[in-house]
Amino acid sequence: MPSPKQFEKVALEQHASAPSEDDGWWDSVLNDPRAAGTPRLQIQQLRLNEIPREILRVDCMRCGRAVEIRHADAVRLYGPHAVWKDVAQRLLDDGCQQRTGRYESDGCWPG
């Protein structure tokens, strides 16, 4: 039976001779193109020309109404540089089923 000192010596030798698995993992993480540094923007902050979806949909958080528009139609009506948050608000402006009577809080809330 080896002594505790001999156990430590063998463990240190094995650890020093074996390549670290963590080094390869960190290399793969840092070489990943998603680690470039620029975070992705939320879809609300994207311009219409940056959104790859064919159908754009916005829901009202108050009344549950949903409005869909084709990407090509949205670009034609609002321009390619319009921000999706503004376009969604304009699409919902026409009619929320829940009215409060106050101008500031009437209308749909995009979600």
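All residue numbers refer to positions in the sequence shown, counting from 1.
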Report the distance from atom [atom1] of [X] to atom [atom2] of [Y], rounding to the nearest 0.5 Å.
{"X": "L92", "Y": "D59", "atom1": "CG", "atom2": "CG", "answer": "8.0 Å"}
{"X": "R53", "Y": "W84", "atom1": "CZ", "atom2": "CH2", "answer": "9.5 Å"}
{"X": "E68", "Y": "D73", "atom1": "CD", "atom2": "CG", "answer": "12.0 Å"}
{"X": "E54", "Y": "R70", "atom1": "CD", "atom2": "CZ", "answer": "6.0 Å"}

Test your reading of the model: is there a side-chain donor-acceptor pair from [X] to the backbone of [Y], 3.5 Å cut-off?
{"X": "H71", "Y": "I51", "answer": "yes"}
{"X": "N31", "Y": "D27", "answer": "yes"}
{"X": "E50", "Y": "R47", "answer": "yes"}
{"X": "E8", "Y": "K5", "answer": "no"}

Does the side chain of [Y] come within less than 4.5 Å of [X]'s, by heavy atoms?
{"X": "V83", "Y": "L46", "answer": "no"}
{"X": "V67", "Y": "R57", "answer": "no"}
{"X": "R90", "Y": "Y78", "answer": "yes"}
{"X": "H81", "Y": "L48", "answer": "no"}
{"X": "V87", "Y": "L56", "answer": "no"}

What closest approach, in Å, do A88 and V58 show between heavy atoms, and which atom pair accounts for it?
->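 It is CB-CG2, 3.6 Å.
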